[in-house]
Number of protein chains: 2
Amino acid sequence: MALSEAILVCLTDRPMSGYDLAKTFDASIGFFWRASHQQIYRELGKLREKGFVKSQEIAQSGKPNRIVHTITPAGAEAVKVWSSKPGRMPSVKDELFVKFYALGSVDMDALKDHLTIRIDQHQTKLSKYRKIQDRYYSGEDQSLNHAGKRIILEMGIKEETSRIEWLQAAMFEITKLEQAGN
Amino acid sequence: MALSEAILVCLTDRPMSGYDLAKTFDASIGFFWRASHQQIYRELGKLREKGFVKSQEIAQSGKPNRIVHTITPAGAEAVKVWSSKPGRMPSVKDELFVKFYALGSVDMDALKDHLTIRIDQHQTKLSKYRKIQDRYYSGEDQSLNHAGKRIILEMGIKEETSRIEWLQAAMFEITKLEQAGN
DNA sequence: ATGTCCATGTAATCCGTTACATGATTAT
DNA sequence: ATAATCATGTAACGGATTACATGGACAT
């Protein structure tokens, strides 16, 4: 499990509330490890029990109070231990492939629509990545943390670019099949 | 949820036992939708309750009896309904990215080892795909089901090829970072 | 002797999703 | 007025993983 580690890794950058973490998972680290705010709050409870974070309520006026979580030395140690062990292969789960597997039992027009939607979604992701790259990762910051984030953005951009290409190739192929079937 | 549909899709090709399905998920459709035998047996129970499959025990001597599951017309209908609805984006979950996100708190040598392992794993997958392609998908079968499987193999090959490329690029970049840090 | 293949499943735990719940502030 | 943002969580359910369990056949 790496949700707890993903949270600890975020807290290494700076102390954050559950709400901050949820936004971070929505905007940056979540591009590579998705999690909802419910998961995050539950996991924060576990991390507190294990002593990997300590939590402090900060009074605010006009807004609900924030509970800010800080990583402890034990938490930092847990990150080190986790990071030295090889992870598992990402688990594959893509309905589109399953639909292609069943091409004979599927409505072709619907499948083409779904392909178009998917291509769009990947293009949206890609342009988000590119915007972030231009804004934050084209400068001269040389810290390791900055470099790591720059590298995953580059990986993400390559991944999405390649996906768009092969999804378009698949679209071309089923269009060809349809014409041959007439 | 598409595990139930992935199973129904397999049973569209031919009736199978839970064991056969588990092997199929280990070898072909499972490249694109992973599932363990425990999940499959549980799901078969649900599918039987819903009337989407009917199950028949076949006596064998010397081996445990097989329970062979056949898709029903209601099951085929369920596949059609599912296939006409757009699926959701595949959920992203890759520990390697998380480790890069935390590049400053991670042991570099371990990370390089993990990268090497991952590159190996993707190369193994890729050569599996290529072997299957040569053996079964280089001929002249023109049926839709065959074409669908040929297309997902092509997509899988492109996906794995691109992954290997960007993982190697990432390896190159962290090696460069290390040298700059000396 | 040891291990792998065939073939079925149960039990416990953990992870992920959906829905529910509250309530003030600020922007349109 | 209406909606979005800030900020926290609980509850219920369903999916995924890991471990446990059985037992004969056959190969090394």
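Letters A, B, ... mirror the listed sequences (proteins, then strands); counts begin at 1. None of the values given here were measured: they were computed from a predicted structure. All values below come from the heavy atoms of this structure, side chains included, with hydrogens, waters and symmetry mates left out.
When heavy atoms are screened at a 4.0 angstrom cut-off, Arg34(B) is found touching no nucleic acid atom at all. At the heavy-atom level, Gln60(B) lies under 4.0 Å from the strands shown only through sugar-phosphate atoms. Within the 4.0 angstrom heavy-atom criterion, only backbone atoms of the sugar-phosphate kind lie near Ser17(B); the bases stay farther away.
Comparing atom distances between the Tyr19(A) side chain and each of dC6(D), dG9(C), dA7(C) picks out dC6(D) as nearest. Distances from the side chain of His37(B) to the nucleotides dT18(D), dT8(C), dT8(D) place dT8(C) closest. Among the nucleotides dA16(D), dA19(C), dT18(D), the one closest to any side-chain atom of Gln38(A) is dA19(C).
For the pair Lys149(B) and Tyr101(A), the cation-pi test (distance below 6.0 Å, angle within 45°) is passed.
A tilted orientation is assigned to the rings of Tyr129(B) and Phe31(B), their planes being inclined by 30° to 60°.
Under a 3.5 Å cut-off, the side chain of His146(B) and the backbone N or O of Tyr136(B) do form a donor-acceptor pair.
Both Gln39(B) and Tyr41(A) lie close to DNA chain D; mapped to their nearest nucleotides by heavy-atom distance, the more 5′-ward contact belongs to Tyr41(A).
Applying the 3.5 Å distance criterion, the base of dG14(D) shares no donor-acceptor pair with the side chain of Arg42(B).
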Could you go through residues 150-159 of chain B and list every donor-acceptor pair under 3.5 Å that involves a side-chain atom there, pairing it with any protein atom two or more places apart or in another chain?
unit_1    : atom_1 : unit_2    : atom_2 : d
Arg150(B) : NH1    : Glu173(A) : OE1    : 3.0
Arg150(B) : NH1    : Glu154(B) : OE2    : 3.1
Glu159(B) : OE1    : Trp166(A) : NE1    : 3.1
Glu159(B) : OE2    : Arg163(B) : NH2    : 3.0

